[in-house]
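Everything on this sheet refers to the single structure shown next.
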Amino acid sequence: MEKIKMTTPIVEMDGDEMTRILWQYIKDELLLPFIDLKTEYYDLGLEYRNQTDDQVTIDSANATKKYGVAVKCATITPNAARVEEYNLKEMWKSPNGTIRAMLDGTVFRTPIIVNGIEPCVKNWKKPITIARHAYGDIYKNVEIQVPSAGTAKLVFEGADGSVTEEIIHKFDDEGIIQGVHNTSASIASFARSCFNYALDTKQDLWFATKDTISKKYDHRFKDIFNEIYEVEYSEAFEIAGITYFYTLIDDAVARVMKAEGGFIWACKNYDGDVMSDMISSAFGSLAMMTSVLVSPEGHYEYEAAHGTVQRHYYKHLKGEETSTNSVATIFAWTGALRKRGELDSNDDLINFAAKLEKATIDTIESGTMTKDLALITTLENPNVVNSLDFIKAIRERL
């Protein structure tokens with residue numbers, strides 16, 4: 001069989017632990033036999049990030065800007081234990097955080113729907129996509145532990161010498177203070193990414209904050225979204241037959257629980273962090289969740305929504321059998337291949353991505369699956385297979 005040709009490379013970001021093992025299985029069994037795969041490879045495994053003082057992460061983000069499409073394996077964000085385990089020079093930052101900041105991107109996470117893996121919320125019929133702002137708020141916070149009585153103030157010193165000051169609280173005893181920030185430019189990028197993705201996928205867009213309580217901070221998000229929508233996107237949304245609306249975060253939660261799905265729910269950073277885990281768990285599993293980072297300029301970075309599956313990796317190193325779910329990592333590859341095909345007008349690549357996704361879903365729906373899915377499936381007598389045999393079963397169907 002003649003392999004499918006590619007004209008432009010995909011940026012390939014390798015990762016850590018069990019997902020790194022699955023990454024190679026997927027390439028060997030599902031991609032290389034069928035595609036003349038062109039990638040620009042970056043090793044984001046923790047050892048090489050340490051060796052390069054994390055320059056490799058920066059290089060991979062710049063390559064994504066150059067080529068427009070990237071696919072990323074799950075990576076370790078080190079804590080103190082990891083620093084010791086890997087003998088690191090320092091506690092390197094999250095690669096995802098570095099890449100998100102450099103691309104100024106928004107993270108879109110969507111559950112993969114499979115018959116036999118039923119959502120906890122029975123009326124959910126279609127996927128719900130969470131769009132998470134990936135900058136600021138508590139993830140860039142500054143915190144103080146208040147040791148005794150005193151006055152906490154919020155002070156802004158302008159470059160022109162002006163000073164704005166507000167009293168936060170007068171403490172009678174010890175307490176805590178947290179300062180958070182965002183920028184209008186980042187919020188605007190978030191808004192444009194959400195509007196563009198809604199048009200790209202032909203889905204309604206919801207946005208929710210708590211502007212009734214946070215009358216300046218959250219209200220600024222609401223205003224920027226509304227201004228950009230009215231000026232730049234309202235006509236395109238009308239032509240596409242989709243809608244945008246704003247509501248309070250508590251109202252959005254209530255609406256989501258009663259909805260059928262099939263829309264994008266845009267959230268601030270923390271809300272998106274929490275709600276994406278809620279959505280993925282309620283639909284079945286983090287291992288059945290796609291994740292794509294989209295920049296306002298139209299750069300795309302696809303990855304799995306889960307971590308490196310550390311416990312399975314240690315079993316693998318001991319020579320023990322694992323049954324690790326590779327679906328989200330497979331769909332990271334298919335998402336990147338489809339987008340590369342769309343940008344290059346390569347129908348063969350687009351069709352291959354669709355067929356690989358169908359083969360993956362059909363394999364599960366036929367009853368062959370990894371252990372995590374077997375524990376929650378409604379299918380009778382599932383055939384539980386190990387990590388590699390699951391991928392081989394997909395290849396046979398493909």
Can you say whether the rings of Y229 and F237 are parallel (under 30°), tilted (30 to 60°) or perpendicular (over 60°)?
perpendicular
No-hydrogen, no-angle side-chain donor-acceptor test under 3.5 Å, D104 and Y135
no
Say whether, by atom type as modelled, one donor and one acceptor occur between the side chain of K65 and the main chain of M102 under 3.5 angstrom.
yes
I'd like to check I177 versus H169 (side-chain heavy atoms, cut-off strictly below 4.5 Å). Are they in contact?
no
Review item, side-chain donor-acceptor pairs of residues 312-321, under 3.5 Å, at least two apart:
unit_1, atom_1, unit_2, atom_2, d
H312, ND1, T324, OG1, 2.7
Y314, OH, E85, OE1, 3.4
Y314, OH, E85, OE2, 2.8
Y314, OH, Q310, NE2, 2.8
E321, OE1, N386, ND2, 3.2

Given side chains that start at C-beta, do those of E90 and D53 come closer than 4.5 Å, heavy atoms only?
no
From the list D16, V56, T77, I76, side chain to side chain contact (heavy atoms under 4.5 Å, CB included) partner of P95 resolves to T77
Taking all non-hydrogen atoms of both residues into account, name the closest pair between A359 and R397 and its distance.
O-CD, 3.5 Å
Please table the atom pairs, donor to acceptor, closer than 3.5 Å between any side-chain atom in residues 214-221 and protein atoms at least two apart or in another chain.
unit_1, atom_1, unit_2, atom_2, d
S214, OG, D218, N, 2.9
K215, NZ, T212, O, 2.7
Y217, OH, D137, OD1, 2.4
Y217, OH, H181, O, 3.0
D218, OD1, K268, NZ, 2.6
D218, OD2, K210, N, 2.9
D218, OD2, K268, NZ, 3.4
H219, ND1, D223, OD1, 3.3
H219, ND1, D223, OD2, 3.2

Member of W265, Y246, F245 meeting the ring pair (Phe, Tyr, Trp, His ring centres under 6.0 Å) criterion with W206:
F245
Just so I know, are the side chains of F225 and F195 near enough to count as touching, which here means a heavy-atom distance under 4.5 Å?
yes
Ionic contact status for E165 with K153, cut-off 4.0 Å:
yes
Any Lys/Arg nitrogen of D54 or K89 sitting under 4.0 Å from an Asp/Glu carboxylate oxygen of the other?
no
Do the non-hydrogen side-chain atoms of D344 and L349 ever get within less than 4.5 Å of each other?
no
For a 4.5 angstrom cut-off between non-hydrogen side-chain atoms, does Y300 reach D200?
yes
Examine the side chains of H306 and T19 and answer whether a donor and an acceptor come within less than 3.5 Å of each other.
no
Any side chain to side chain donor-acceptor pair (under 3.5 Å) involving residues 112-125? Give me the pairs, sequence neighbours left out, ordered by first then second residue.
N115-E365
Do you know which two heavy atoms are closest between P9 and R340, and how far apart they sit?
O-NH1, 3.3 Å
Under 6.0 Å from the ring centre and within 45 degrees of the ring axis: does the NZ or CZ of R132 meet both conditions for the six-membered ring of Y139?
yes
Under 4.5 Å between any side-chain heavy atoms of R100 and V107, yes or no?
yes
Report the C-alpha distance between V71 and W23 in whole Å, list the side-chain angles of each, state the deciding distance to 0.1 Å, and finish with yes or no for side-chain contact (heavy atoms from CB on, under 4.5 Å).
CA-CA 11 Å; V71 59; W23 193 261; 3.5 Å; yes
Please check this pair: side chain of S345 against backbone of G341, looking for a donor-acceptor N/O pair closer than 3.5 Å.
no
Taking side chain as C-beta onward, heavy atoms only, is T290 less than 4.5 Å from I112?
yes
Does the side chain of T360 reach to within under 4.5 Å of the side chain of T334, using non-hydrogen atoms?
no
How far apart are the closest heavy atoms of K38 and M6, and which atoms are they?
CE-O, 2.8 Å
Hey, is E40 close enough to K66 for a salt bridge, meaning N to O under 4.0 Å?
no
Shortest non-hydrogen pair, F171 vs I176, comes out as CZ-O, 3.8 Å
Specify the closest pair of heavy atoms between C194 and F108, including all atoms of both residues, with the distance to one decimal.
CA-CZ, 3.8 Å
Please tell me whether D372 and T370 have a donor and an acceptor in their side chains that are separated by less than 3.5 angstrom.
yes
